[in-house]
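Here is the naming used below: chain letters follow the sequence lines, and residue numbers restart at 1 for every chain. Every value quoted in this text rests on a predicted model; they were computed, and no experiment measured them. Side chains are part of it too, since the values below use all heavy atoms of this structure and drop only hydrogens, waters and symmetry mates.
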Number of protein chains: 2
Amino acid sequence: MQTVDTLIHARWVIPIEPENTVFEHYSLAIHEGKIVGLLPTELAQLEYKSDNVIELHTHAVTAGFVNAHTHAAMSLMRGIADDLPLMDWLQNHIWVLESKWMSEEFVRDGTDLAIAEMLRGGTTCFNDMYFFPEISAQQAIKHGIRASLGLIVIDFPSIWAQNSDEYIEKGLALHQTLLEHELISTPFAPHAPYTVSNQPLTRINELAQDLKLPVHIHLHETEHEVESAFAESGVRPIDRLNALGLVNDSLIAVHATQLSDEDIALLAQAGASIVHCPESNLKLASGFCPVAKCLDAGVNVALGTDGAASNNDLDMIGEMRTAALVGKAVANNAKAIPAMTALRMATINGAKALGLDKQIGSLEIGKSADVIAIDLSDLETQPLYCPISQIVYAANRTQVSDVWVAGNHLLKSRHLATFKMTELKAIIDKWHVRLAAK
Amino acid sequence: MQTVDTLIHARWVIPIEPENTVFEHYSLAIHEGKIVGLLPTELAQLEYKSDNVIELHTHAVTAGFVNAHTHAAMSLMRGIADDLPLMDWLQNHIWVLESKWMSEEFVRDGTDLAIAEMLRGGTTCFNDMYFFPEISAQQAIKHGIRASLGLIVIDFPSIWAQNSDEYIEKGLALHQTLLEHELISTPFAPHAPYTVSNQPLTRINELAQDLKLPVHIHLHETEHEVESAFAESGVRPIDRLNALGLVNDSLIAVHATQLSDEDIALLAQAGASIVHCPESNLKLASGFCPVAKCLDAGVNVALGTDGAASNNDLDMIGEMRTAALVGKAVANNAKAIPAMTALRMATINGAKALGLDKQIGSLEIGKSADVIAIDLSDLETQPLYCPISQIVYAANRTQVSDVWVAGNHLLKSRHLATFKMTELKAIIDKWHVRLAAK
């Protein structure tokens, strides 16, 4: 018998790859952070032994969620300004508060709250875009979550950098510093076409190709964005990015609510990814991403919550449900975005977008043990005819019982292993007082 | 000092009426099933005493949710057939299973599961449409939940009745039997324009006017419904109902995804109510109800989950969130359906639709103590700037800690007072075996 670090016996295992597969009474053997065995429990009991055997008799075990677009630290501004359109919300609320309070402390504390929420909801990897990414990296490393931390670039000065050259230089330095950290990756993250000019975009594209880094950018979030760009320059943002060479297989285009059939064909041909953030798009009335059309055309569509200031949570189960439900109505086709597709958007498609699909996004031997367990015994997920349906259409975030990242058990029966809850609550209270005093 | 049955001290009380009001450190005094006091906690401690004082230091207390459209017993078919359009789902799956299994036992067991889920999610009143309403009534009375149980009428024979005359006679007899039960009301529930012909609709309208009962009907659920009716008869369903006299202040029109501006004006002028069921409409790709337009025109818009077979849950917090988010995108206006409006749709607007707004739907002195508490101390609802925003945009159903109906404490710190969970789980397992064997 082979001794392994962790042996999980589950009622169901949904490996993501192959698609539409549910293994019953299956086990996962984890050793040195990797998945080393995936086999029927009755065989696993003969082949493996471990000091750490986890019995999950009413649970589905699957790949951890990849939240492919976040602004983690903005969790501190959850619900501070609701029911407003994007530019009003940004200019009159969020940017006002950020310009007053942005600091290493804000990012450290807000990212901590976000990581706690994400782990409690089954997210094992998040793709962030925010100031002070070195602080986000520090907190991700501290808590053991996997993170793709955008090297943010924006033409405007902030407390983090004065101009696009400085943003890029600080980003490159951070990229070097973080190369050694297995759980951290560093895509470029130019904020948006309307906030980053051609010269830095061109340089970012060259650097991204040299360093083989993805480029994470907001793109076609609203009709206003597209129309105002066209009115000013005669070019739509996606065409401008394409002319600059950025529409390629490194592109992570977030939101994409305004896409023509030609845009979709362009993205598919380029091998680009889009990140669908349905709840944020709905809440800001930004528009409807044509998800079914994109998937049908072969575009890789990942899923993100966006920041908690515009969502107002970081709940990937809720986001899958919204994506599946809204995607059907937008496509005028109840067969569109079936439950399995939504689950793939939240796992393997996110991993592909981040260039991490060799490591994560599915439960396959040799991949990192980024694993979650969802307890489906609650009344609200009974009777159970199909665990994939129950996860996407009926479960809620509190049914995520256990989370592992690279084999580390970060959520144990709903208990966060790397957080002191009293400290986290004190941090929240401190920021509540400061931010509510606006 | 006045002695009362129950005294609740809460961090926040959201009374629903007046609108946009949040009382902090407020108390609710309940006696003989009614709200007798609503006042600051420091005054309540001087004016009232009780053997039953409930301290809710991190909770928002508000009116119980009114789920204005359900098919409760269909909870047994949760997730049995997903990702299908309405008529395929009905004809090839749901109706097949119903014709095989429909019985008093099916309705008793399915309604029990639904009542348990609804109470756990803060629903204190549900408006049902299903076969064997006398069995649903028996289960509602047993468990203490308030219910509006439709006297179903359909032209087709079922195990419950052979023709529309028999449906109506059985309904009238049940109405008489249930008159004495304070928590039960009995609207007429002709299934839909495409399943009930003019003669029974006319008779139902006359009876409803005489007995002062609402008329609960599916209306304009899909484009197909409207187009096929027009192709057959030259009249759209809403115009047909109007010609028959049914578009009046007793009408509860469910779904209403296909409404012209003239239809909306007609409904507003008639004082009719619509029930918006966004998750069911999205999942079946039925279309988008123009909620903001209806509200702006003065139509009373309530909220329902529909049955768990097409949702797939009975979660009114989730439904409020979906209604608020989708309503903004459909209106192309982020200010549409603000959080308070969604909360009113789920409470007082539902009560109005059912003709129960003198008794329930808000926390006002003299109204029935149909009250819920939502614990907002979870990380996912922190920091907290506005409890209404947190309930609608960030909370989840498991944060509902306590539920009272007519002063009876039916959910106590997440524990269901009137259910034996082992019995309920055995019932679920029994039906899982039967229905999965299709």
Best-contacting candidate, A/Leu379, A/Val326, A/Val330, A/Thr381, against chain B by heavy atom pairs under 4.5 angstrom:
A/Leu379
Among A/Leu76, A/Asn332, A/Leu84, single out the residue with the greatest number of heavy-atom pairs under 4.5 Å to chain B.
A/Leu76
Identify which part of B/Leu384 has an atom lying under 4.5 Å from any heavy atom of chain A, answering side chain, backbone, both or neither.
backbone
Salt bridge present between A/Lys283 and A/Asp82 (N-O < 4.0 angstrom)
yes
In terms of the angle between their ring planes, are A/Trp101 and A/Trp431 parallel, tilted or perpendicular, with boundaries placed at 30° and 60°?
perpendicular
Honestly, the part of A/Leu86 sitting under 4.5 Å from a heavy atom of chain B is neither
Between the side chains of B/Asp83 and A/Lys328, is the shortest nitrogen-to-carboxylate-oxygen separation below 4.0 Å, so that they form an ion pair?
yes
Do A/Asp313 and A/Arg397 meet the salt-bridge criterion of a basic N to acidic O distance under 4.0 Å?
yes
Between A/Trp89 and A/Leu284 (side chain of the first, backbone of the second, donor and acceptor by atom type, cut-off under 3.5 Å), is there such a pair?
no
At a heavy-atom separation under 4.5 Å, does A/Ser75 approach chain B through its side chain, its backbone, both, or neither?
backbone
Which of the residues B/Lys335, B/Arg120, B/Glu223, B/Glu117 is involved in the greatest number of heavy-atom pairs with chain A at under 4.5 angstrom?
B/Arg120
Can you say whether A/Ala395 sits under 4.5 Å from chain B via the side chain, the backbone, both, or neither, judging by heavy atoms?
backbone
Identify which of A/Thr398, A/Ile428, A/Asn396 forms the greatest number of heavy-atom pairs closer than 4.5 Å to chain B.
A/Asn396
Heavy-atom distance under 4.5 Å to chain B: side chain of A/Gln390, backbone, both or neither?
side chain
So, does B/Thr322 use its side chain to make a donor-acceptor pair with the main chain of B/Gly318 at under 3.5 Å?
yes
What part of A/Leu113 is in contact with chain B, defined as an atom under 4.5 angstrom from a non-hydrogen atom: side chain, backbone, both or neither?
side chain
Sort B/Asn333 into side chain, backbone, both or neither according to what part of it lies under 4.5 angstrom from a heavy atom of chain A.
backbone
Answer with side chain, backbone, both or neither: which region of A/Met421 has an atom nearer than 4.5 Å to a non-hydrogen atom of chain B?
side chain
Main-chain N/O of A/His59 paired to A/Trp12 side chain as donor or acceptor, under 3.5 Å
no
Could you check whether A/Glu279 pairs with A/Arg321 (Lys NZ or Arg NE/NH1/NH2 to Asp/Glu carboxylate O, under 4.0 Å)?
no
